[in-house]
Amino acid sequence: MTSESYDFVVVSNRLPVDYEPDASGGAAWKPSPGGLVTALQPVMRAADGVWIGWAGKAGLDLEPLVADGMHLVPVPLSADEVELYYEGFSNDTLWPLYHDVIAQPRYHRVWWDSYVQVNRRFADAAAAAAAPDATVWVQDYQLQLVPGMLRERRPDLTIGFFNHIPFPPYGIYSQLPWRTQIVEGLLGADVIGFQRTADAGNFQRAVRRLLGYQTRQTEIHVPGDPPRTVIAKAYPISIDSASYEELARRDDIQARAREIRADLGNPKTIMLGVDRLDYTKGIGHRLKAFGELLEEGRVAVEDVVLVQVASPSRERVETYRQLRDEIELTVGRINGDHSTIGHQAINYLHHGYPRDEMVALYLAADVMLVTALRDGMNLVAKEYVASRHDDDGVLVLSEFAGAADELRNALLINPHDIDGLKSSIVQAVRMSTTERRRRMRALRRRVLERDVALWSSTFLGELEASRRR
Ligand code: GDG
């Protein structure tokens, strides 16, 4: 544990670096910069802050370190805790429950016990690292008890929480045996951020139903001595838009995009899906729609190819193993039925790729398919738009992704409506250049203006304002 203290503390399940022991028995830290790191790095530097999280490998007790100019405090997790708190409660109870029970959530008391224990460890680490009156920002569903635990120990702190995934309607949320404890845990924060206004509304309803507290617009009145006002509100997350545009303008990445097109046989239309292999992403619905379009002859395998990047995810959770089997069976069937020697219907890639390659794929894709059944935001949709500095390309976007609240100029679809999805795919394939440009320009204005730096500064600004309330 660190003996130093900091005015700004970020707490998330994972640290923004991966711990990779090398062959010689030494250790290496590999930065894994995502949007959150990009957004928070300037704030961390200015406030000389610290990031608290798990290093991604079980059973390691590591010393605090400095990587990429950031102070990092690793929180250890045992192999059992990875199984119970992380794979179990976080990914097999909360994840399916918060995504509208697309898969069946599993409720196990030992998983919950581990969740409480691990949340306490994160809260202890944050309490130890935070200077008097510091600001602490807790991230995501794995750590929903941390705000309450922290407030108990350290009432001097200003505490923010951001939920990256949806918050479900009360009718679904109320299944959770520990529904009251979680709501109470979250209410330890001064500001609770959600992706969509609907998520904030669902949370407020759960508070009213479970605790009977009064809410007014974004305010929740929490009785006590002293009574507190907690803000629950939407702060839609975004990406580092400029860096995607910058990559997309690079000559080597544009050359790679042309190479991808050529390798695919220069088809008229390349459609692209990029998702973690997760049942929330609607990959099966997308494949079904494409398969039927080929079957009906509304698109031809010589003209249209679907590239599906399905990056490996949560492979130790049974539901994810089953999903992989289902998807791969479907891809095999569609390819078997419709591919020809020279033309493969679906190019399925079960790999993760470097960001450069992702941007080249975005540039190569005429149509981007985001068909999530439920998604907090969906950053892939925003990354596609940010990369299209040529004002071309069509985004087909599920109305069940948070991004649909902002990206109104996409072709919005209901992925459960396979006929509707098929029509939108055909519309995207046939769309005129003029309409593509008009829509993409509008989308780009939005994504370039509202980037991840604006997201974090807005959230932290409101958190700062809550100090004065
Ligand atoms: C959660 C919420 C919310 C994917 N494959 C590769 C790769 N990726 C990158 C994408 C994108 C990120 O991973 C995925 O973000 P999404 O937003 O699409 O989805 P989740 O992982 O489910 O994220 C989501 C998000 O949190 C943020 O709040 O939007 O709703 O579920 O950045 O590009 N990146 C690389 N190679 C891959 O193969 N380099």
Side-chain angles (χ1 to χ4, degrees), residues 30 32-35 239-277 281 283 286-287 290 293-294 299-312 327-328 331-332 334-335 338-371 378-396 425 428-433 436-437 439-441 443-444 447-448:
K30 228 176 73 194
S32 57
I239 56 166
D240 181 12
S241 314
S243 80
Y244 277 88
E245 166 150 9
E246 211 173 285
L247 284 174
R249 285 186 186 276
R250 250 169 50 189
D251 289 343
D252 57 331
I253 292 182
Q254 292 184 17
R256 175 64 190 142
R258 284 191 297 274
E259 190 176 59
I260 290 170
R261 282 201 86 94
D263 287 349
L264 290 167
N266 283 319
K268 281 194 191 129
T269 306
I270 296 175
M271 300 204 295
L272 175 67
V274 171
D275 313 81
R276 277 187 308 98
L277 187 44
K281 304 292 183 183
I283 302 170
R286 184 182 316 165
L287 296 177
F290 184 51
L293 287 171
L294 287 167
V299 298
V301 74
E302 293 77 19
D303 297 334
V304 183
V305 58
L306 170 62
V307 177
Q308 177 63 56
V309 175
S311 41
I327 297 294
E328 294 182 355
V331 168
I334 294 175
N335 276 340
H338 301 289
S339 297
T340 62
I341 296 286
H343 301 279
Q344 195 175 15
I346 303 170
N347 213 297
Y348 170 79
L349 307 157
H350 185 248
H351 307 289
Y353 288 96
R355 190 185 287 204
D356 291 15
E357 182 74 358
M358 304 293 280
V359 172
L361 280 164
Y362 292 146
L363 282 177
D366 304 288
V367 177
M368 183 79 213
L369 297 177
V370 177
T371 58
N378 196 288
L379 297 181
V380 166
K382 292 188 173 181
E383 290 166 4
Y384 178 66
V385 168
S387 303
R388 298 312 301 242
H389 60 87
D390 55 354
D391 290 338
D392 207 349
V394 184
L395 175 63
V396 175
I425 290 175
V429 168
R430 295 188 185 152
M431 192 179 282
S432 69
T433 315
R436 292 204 302 264
R437 281 186 184 286
R439 286 177 181 269
M440 187 51 80
R441 281 197 182 126
L443 291 170
R444 289 181 57 72
V447 173
L448 290 167

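A quick note: this is a predicted structure, and the numbers were derived from the prediction, not measured. Residue numbers run from 1 in the order of the sequence given.
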Problem - Distance in Å, His343 NE2 paired with Leu264 CG, rounded so as to fall on 0.5 Å steps - result: 11.5 Å

Fill in the blank from the handout: Ala345 and Ser339 have their tightest heavy-atom pair at N-OG, 3.0 Å

Fill in the blank from the handout: Rounding to 0.5 Å, atoms CD1 (Ile283) and CG (Asp275) come to a distance of 4.5 Å

Practice task
For the residue pair Met368 and Val396, establish whether any side-chain heavy-atom pair is separated by less than 4.5 Å.
Solution key: no

Problem - Ser387 side-chain N/O to Ala248 backbone N/O, donor-acceptor pair under 3.5 Å - result: no

Practice task
List the atom of Gly352, the atom of Pro312, and the distance in Å for their closest heavy-atom pair.
Solution key: N-CD, 3.9 Å

Exercise for the section: Find out whether Val385 and Leu395 are in side-chain contact, i.e. whether some heavy atom of one side chain is under 4.5 Å from a heavy atom of the other. Expected result: yes

Handout entry: Validation row: Arg355, Glu383 side chains within 4.5 angstrom (heavy atoms)
Key = no

Practice task
Could you tell me whether the side chain of Val367 reaches within less than 4.5 Å of the side chain of Ile425, counting heavy atoms only?
Solution key: no

Problem - Criterion side-chain contact (heavy atoms from CB on, under 4.5 Å) on Asp366 and Arg261, from CA distance to verdict - result: CA-CA 10 Å; Asp366 304 288; Arg261 282 201 86 94; 3.1 Å; yes

Problem - Donor-acceptor under 3.5 Å (Arg437 side chain, Asp390 main chain) - result: yes

Exercise for the section: Report, as yes or no, whether the 6.0 Å neighbourhood of atom CZ on Arg430 holds more than 12 heavy atoms from other residues, nucleotides or ligands. Expected result: no

Practice task
List the steps, then state whether side-chain contact (heavy atoms from CB on, under 4.5 Å) holds for Arg249 with Glu246.
Solution key: CA-CA 5 Å; Arg249 285 186 186 276; Glu246 211 173 285; over 6 Å; no

Practice task
Measure the spacing between OG of Ser311 and NE2 of His351 and express it to the nearest 0.5 Å.
Solution key: 11.0 Å

Problem - Step-by-step side chain to side chain donor-acceptor pair (under 3.5 Å) determination, Arg286 to Gln308 - result: CA-CA 10 Å; Arg286 184 182 316 165; Gln308 177 63 56; 2.8 Å; yes

Exercise for the section: Anything under 30° is parallel, anything over 60° is perpendicular, the rest tilted; go ahead and classify Tyr244 against Tyr362. Expected result: tilted

Handout entry: Leu349 vs Asn347, side-chain contact (heavy atoms from CB on, under 4.5 Å): CA-CA, chis, key distance, verdict
Key = CA-CA 7 Å; Leu349 307 157; Asn347 213 297; 3.8 Å; yes

Handout entry: Min side-chain heavy-atom separation Asp303-Thr269 under 4.5 Å
Key = no

Completion exercise
salt bridge (Lys or Arg N to Asp or Glu O under 4.0 Å) with Asp391: of Arg444, Arg436, Arg439, only one passes, and it is Arg444

Exercise for the section: Using a cut-off of 6.0 Å, state whether more than 12 heavy atoms not belonging to Asp251 lie near its atom CG. Expected result: no

Exercise for the section: Report yes if some heavy atom in the side chain of Gln344 is under 4.5 Å from a heavy atom in the side chain of Asn335; otherwise report no. Expected result: yes

Problem - Heavy-atom closest contact (Ala386 atom, Ser241 atom, distance) - result: CB-O, 3.9 Å

Exercise for the section: Given side-chain contact (heavy atoms from CB on, under 4.5 Å), test Tyr384 with Leu443 step by step and report yes or no. Expected result: CA-CA 10 Å; Tyr384 178 66; Leu443 291 170; over 6 Å; no

Practice task
Compare every heavy atom of Leu361 with every heavy atom of Leu272, then report the nearest pair and how far apart it is.
Solution key: CD2-O, 3.7 Å

Problem - Distance, nearest 0.5 Å, that separates CG of Leu306 from CD1 of Ile334 - result: 8.5 Å

Problem - Spatial distance of atom CG (Leu363) from atom CE (Met358) [nearest 0.5 Å] - result: 12.5 Å

Exercise for the section: Starting at OG1 of Thr433, measure out to CE of Met440 and round the result to the nearest 0.5 Å. Expected result: 13.0 Å

Exercise for the section: Taking the side chain as every heavy atom from C-beta outward, state whether Ile327 and Leu287 have any pair of such atoms under 4.5 Å apart. Expected result: yes

Practice task
State whether the side chain of Tyr348 and the backbone N or O of Gly332 hold a donor-acceptor pair below 3.5 Å, judged by distance alone.
Solution key: no

Practice task
May I ask you to test the His350-Leu277 pair for a side-chain heavy-atom distance under 4.5 Å?
Solution key: yes

